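Each remark here refers to the structure printed beneath this line.
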Amino acid sequence: MKLPIFAANWKMFHGPSDARAFMKNFLVHYPRQHDRKVLFFPNALSVTTVSELIRERPDLETGIQNIHWEDKGAFTGENSAPMARDAGASHVLVGHSERRHVFGETDAQTNLKVKAAFRAGLTPVLCVGELLAERDAGDTEATVLRQLRAGIDGVDEAQVASMMFAYEPVWAIGTGRTATPDDASTVHAAISAALKTAIGERALGIPILYGGSVNRGNATSLLAAPDVDGVLVGGASLDADGWNAIVRA
Ligand code: 13P
């Protein structure tokens with residue numbers, strides 16, 4: 001059985017001091033739960049702070065929001081997968097819509113990043129999602145599946161089986177507009193089917209998260225939708241009390 005996953009993407013919020021204050025508050029009010037997993041994707045500068053504070057909590061894990069595809073080198077300003085691992089990260093977001101659409105990250109780069117993550121022992125969470133124009137043109141599934149196939153191209157099947165995926169429709173990110181549970185289910189089912197075609201029955205254990213304006217009011221209904229195995233939350237994960245309410249959904 002897949003445990004539901006609650007992932008917080010703090011984006012460019014919460015530096016080390018804020019991250020420490022958040023976690024201290026959250027840890028007091030959120031005792032260990034065995035029936036769900038909670039993942040934090042802090043800003044890169046706060047990964048060590050968060051990972052050190054949750055060391056005694058196997059139900060909580062830390063990831064990094066982005067990595068470079070090289071392990072080291074002259075790449076000013078970048079973070080590598082081995083460095084993220086050393087800082088305490090176990091997961092990495094790859095191909096988040098802001099990486100793709102604000103920073104111009106390509107499908108080919110997401111593929112290199114997935115491979116870099118595995119080299120370092122990080123679990124990649126490959127994010128896929130269509131723009132509003134792609135949805136309006138009826139291209140949702142084609143876009144999402146193109147991103148998915150490119151992201152896992154040449155990746156070993158056992159590694160694909162250990163990944164996570166996140167469907168984040170771009171038009172729903174930070175807009176207050178959420179996909180309906182039915183919309184999410186339809187796309188998640190297509191992702192699930194594509195993964196099954198790629199790697200067979202092993203795909204059944206792969207978690208597929210939904211992200212895009214998830215909040216304490218809609219998390220329960222989205223999680224109840226078929227094929228939705230968890231949520232990836234931006235804005236509503238920034239406040240410790242609000243996040244606590246979501247992870248108890
Ligand atoms: P919001 O929850 O703020 O819409 O952000 C979603 C997201 O991008 C999570 O990765």
Side-chain angles (χ1 to χ4, degrees), residues 4-14 18-19 22 26 37-44 46-47 50 60-67 79 84 89-105 110 113-114 117 122-132 134-135 140 143-144 147-148 151 163-181 183-184 187-188 191 207-223 225 228-249:
I5 293 165
F6 296 81
N9 175 8
W10 287 351
K11 307 190 179 184
M12 202 170 72
F13 296 95
H14 291 344
D18 289 347
F22 178 111
F26 179 76
K37 261 208 130 23
V38 179
L39 273 167
F40 291 92
F41 290 92
N43 181 273
S46 304
V47 168
V50 173
L60 309 177
E61 287 186 276
T62 317
I64 190 163
Q65 297 170 11
N66 179 40
I67 48 165
N79 298 298
S90 54
H91 292 67
V92 55
L93 297 180
V94 175
H96 187 276
S97 90
E98 286 141 24
R99 297 303 320 166
R100 293 178 191 269
H101 300 295
V102 181
F103 299 102
E105 191 165 306
T110 65
K113 290 181 180 197
V114 166
L122 295 178
T123 301
V125 181
L126 181 67
C127 305
V128 296
E130 82 287 5
L131 295 163
L132 186 57
E134 290 165 331
R135 163 158 291 239
T140 297
T143 303
V144 163
Q147 293 170 338
L148 177 128
M163 289 175 66
M164 290 185 194
F165 291 82
Y167 169 54
E168 298 204 299
V170 181
W171 49 269
I173 296 180
T175 58
R177 247 184 101 182
T178 322
T180 64
D183 285 339
V187 180
H188 283 225
I191 292 173
I208 306 172
L209 318 184
Y210 169 79
S213 297
V214 175
N215 57 43
R216 63 208 288 179
N218 60 26
T220 306
S221 59
L222 285 160
L223 282 161
V228 176
D229 305 311
V231 285
L232 178 55
V233 186
S237 73
L238 290 172
D239 160 71
D241 294 331
W243 178 237
N244 198 343
I246 292 175
V247 297
R248 286 166 186 279

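This one's a predicted model, so the numbers in the text were calculated from it and none came from an experiment. Whatever order the structure lists ligands and atoms in, that order sets their numbers, starting from 1. Just so it is clear, the values below take in all heavy atoms, side chains as well, and ignore hydrogens, waters and symmetry mates.
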Give every pair made of an N or O atom of ligand 1 and a protein N or O atom lying under 3.5 Å apart, one pair per line with both atom names and the distance to 0.1 Å, or write 'none'.
residue: ligand 1; atom: 2 (O); partner: G234; partner atom: N; Å: 2.9
residue: ligand 1; atom: 3 (O); partner: G235; partner atom: N; Å: 2.8
residue: ligand 1; atom: 4 (O); partner: G174; partner atom: N; Å: 2.6
residue: ligand 1; atom: 4 (O); partner: S213; partner atom: N; Å: 2.8
residue: ligand 1; atom: 5 (O); partner: K11; partner atom: NZ; Å: 3.1
residue: ligand 1; atom: 8 (O); partner: K11; partner atom: NZ; Å: 2.9
residue: ligand 1; atom: 8 (O); partner: H96; partner atom: NE2; Å: 2.8
residue: ligand 1; atom: 10 (O); partner: N9; partner atom: ND2; Å: 3.0
residue: ligand 1; atom: 10 (O); partner: H96; partner atom: NE2; Å: 2.9
residue: ligand 1; atom: 10 (O); partner: E168; partner atom: OE1; Å: 3.2
residue: ligand 1; atom: 10 (O); partner: E168; partner atom: OE2; Å: 2.9

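For the atom pair CG (L223) and CG (N218), the distance works out to 9.5 Å, reported to the nearest 0.5 Å. In this structure, CG on L122 lies 8.0 Å from CD1 on I64, to the nearest 0.5 angstrom.
Inter-residue side-chain proximity for V50 and W10 is flagged as met; some heavy-atom pair is nearer than 4.5 Å.
A ring-centre distance under 6.0 Å is not found for F13 and F22.
Ring geometry, W243 versus F40: the interplanar angle exceeds 60°, so the pair is classed perpendicular (tilted spans 30 to 60°).
Screening residues 95-105 for salt bridge (Lys or Arg N to Asp or Glu O under 4.0 Å), with sequence neighbours left out, gives K11-E98, R99-E105, R100-D107, E105-K113.
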